[in-house]
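Reading through the structure tokens given below for one structure.
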There are 2 protein chains.
Amino acid sequence: MEGTPTSRAERRRRTEERILSAARAIFAERGFQRTTIRAVAAAAEVDPALVMQYFGSKQELFEQAVRIPSIPPLDGELEPVEELLGRIGMKMGPLPQATLAMMRSMLTHPDAAEEVRGKLDGQVAQLADAIGSGDAELRAALMVSTMLGVTIAHQLLGLTALRGASPERIAETLRPSLRALADG
Amino acid sequence: MEGTPTSRAERRRRTEERILSAARAIFAERGFQRTTIRAVAAAAEVDPALVMQYFGSKQELFEQAVRIPSIPPLDGELEPVEELLGRIGMKMGPLPQATLAMMRSMLTHPDAAEEVRGKLDGQVAQLADAIGSGDAELRAALMVSTMLGVTIAHQLLGLTALRGASPERIAETLRPSLRALADG
DNA sequence: TCGTTGAGTCAACGACTGTTGAGCGAAGTG
DNA sequence: CACTTCGCTCAACAGTCGTTGACTCAACGA
């Protein structure tokens, strides 16, 4: 069954990825503070000391775990509003664990807060640039805030009214609202 | 200066309120987990053991601190959308410390999450009732989520584009968006 | 005045946490 | 084969936290 026992370098890569995967899951579920190195190690079936040896500190483990390698490219043509949001990497639907971990921690972990604020500021700037007009920056910020709120309510808080709704239906119902902001 | 040294019962009430006030401030700033009994006690200029003696546990201190006595009544006539939101106790502008403490902790403290979810679910139900029409519940949920997102971005994360904007200007810019959701 | 009550303090316990250094044993190298 | 490398574990340290029990002393009631 399990063919070659794999080389040493390969084993290390796998273990490291197993730790990162477990870390992402637990960080996303409990946030930074309530996540313990021991819990991550247990989920990865590894000794806690190994986690430290690989990542140096809990903070560095978090940074590696929430690092998203590439910005998801937009696929094909979309409705104007979705296109605008898609262009900055915001869309409805299930988010990667790394993003959830980041969002889960952003209100209680200063570093995560700064990271998210920076990312959102960047998205606001891009959106404002695409929108034009007078108070574009404020309207862009409100669009981003709206997406943020819906995502939190849906993915992290689990509002009853949103739990049964598909991402498509949410996006569709939300569209006039976002368009009103985009058009001014 | 300090007239009567105050009676024993009065002193107790003042100390208790001093502790609650300090707790609200620190809970609002750091969230539940990162707030220590010791820090609250220090801010209230009291021994940590006294906090325990008065409130029994950190969890009970939190519950007492975030308890909001009364629902703010809506004042006078408002624009339709603001009236709808005001009716359920949602409005722009500075929020009480207790509310901020609750929101700060809602993503990482399960009890706070449940409390907020319950409150928001209730507001969604009220809003949906006032809106009527077909998918009223989903649209109401998105309105509440929008308010939530803007509040988080503005008060807790401090998005650059929102930091300089007055609550009135935000409310005004946001109005067409919310109306689009309310009208369907 | 004297005993009682209760606000407030002090020192400590036990649990948990991030983190560390020594060591084991198998994979790699000559 | 002998020797080194390194993935990995074990046991422990040091600090912090919520929580507790004994204690001090001024306000109170009779």
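Numbered from 1 within each chain, the chains take letters A, B, ... in sequence-line order. Computed from a prediction, not measured in an experiment: that's the story for all the values here.
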| Between atom NZ in K58(B) and atom P in dT20(D), what is the gap in whole Å? | 15 Å
| Is it true that E63(B) and R67(B) make a salt bridge, defined as a side-chain N closer than 4.0 Å to a carboxylate O? | no
| note | In whole angstroms, the gap separating P of dG7(D) from CZ of R18(A) amounts to 14 Å
| Is any side-chain N of the basic residue among E17(A) and R13(A) closer than 4.0 Å to the acidic one's carboxylate O? | no
| field | Polar side-chain atom of R104(A) near backbone of A28(A) as donor-acceptor pair, under 3.5 Å | value | yes
| query | Between atom CZ in F27(A) and atom C1' in dG18(C), what is the gap in whole Å? | reply | 12 Å
| message | Any donor-acceptor pair under 3.5 Å linking the side-chain atoms of H109(B) with those of E115(B)? | response | no
| request: Let me know, please, whether P48(B) or R8(B) comes out on the 5' side of the other along DNA chain C by nearest nucleotide. | output: R8(B)
| field | Assigned partner base of dA2(D), Watson-Crick or wobble definition, under 3.5 Å | value | dT29(C)
| Nearest listed nucleotide, side chain of T36(A), among dT9(D), dG18(C), dG7(D) | dG18(C)
| Under the 6.0 Å and 45° cation-pi test, does R12(A) pair with Y54(A)? | yes
| query | Between dT19(C), dT19(D), dA27(C), which one does the side chain of S57(A) approach most closely? | reply | dT19(C)
| said: Rounded to whole Å, how long is the line connecting atom CD of Q33(A) with atom C1' of dC17(D)? | reply: 13 Å
| request: Rounded off to whole Å, could you give me the CG-to-C1' distance for the L61(B) and dC17(D) pair? | output: 15 Å
| query | Within a radius of less than 6.0 Å around CZ of R30(A), do more than 12 heavy atoms belonging to other residues, nucleotides or ligands occur? | reply | no
| Residue I37(A), side-chain heavy atoms: nucleotide from dT19(C), dT19(D), dT5(D) that is nearest | dT19(C)
| query | Under 3.5 Å, is there a donor-acceptor pair linking the side chains of R139(A) and S133(A)? | reply | yes
| R11(A), nearest nucleotide to its side chain (from dA26(C), dC8(D), dC28(D)) | dC8(D)
| CZ/R18(A): more than 12 non-hydrogen atoms of other groups inside 6.0 Å | yes
| query | What is the distance from CD1 of I19(A) to P of dG7(D), rounded to the nearest Å? | reply | 12 Å
| task | Could you state the atom-to-atom distance from CZ of F55(B) to P of dT20(D) in whole Å? | result | 15 Å
| Does the side chain of Y54(B) get closer than 4.0 angstrom to OP1 or OP2 of dG8(C) through an N or O atom? | yes
Pairs: protein N or O with nucleotides 10-15 of chain C N or O, under 3.5 Å:
none

| field | Nucleotide nearest R12(A) when distance is taken to its side chain, options dG7(D), dT19(D), dG8(C) | value | dG7(D)
| message | Taking 4.0 Å as the cut-off, does a side-chain nitrogen or oxygen of T15(A) come that near to OP1 or OP2 on dC8(D)? | response | yes
| field | Which residue lies more 5' along DNA chain D, comparing E45(A) with A9(B) via nearest heavy atoms | value | E45(A)
| Interatomic distance where CZ belongs to R30(B) and P belongs to dT16(D) [whole Å] | 14 Å
| task | Kindly point out which of dC6(D), dT19(C), dG8(C) is positioned nearest to the side chain of Q53(B)? | result | dG8(C)
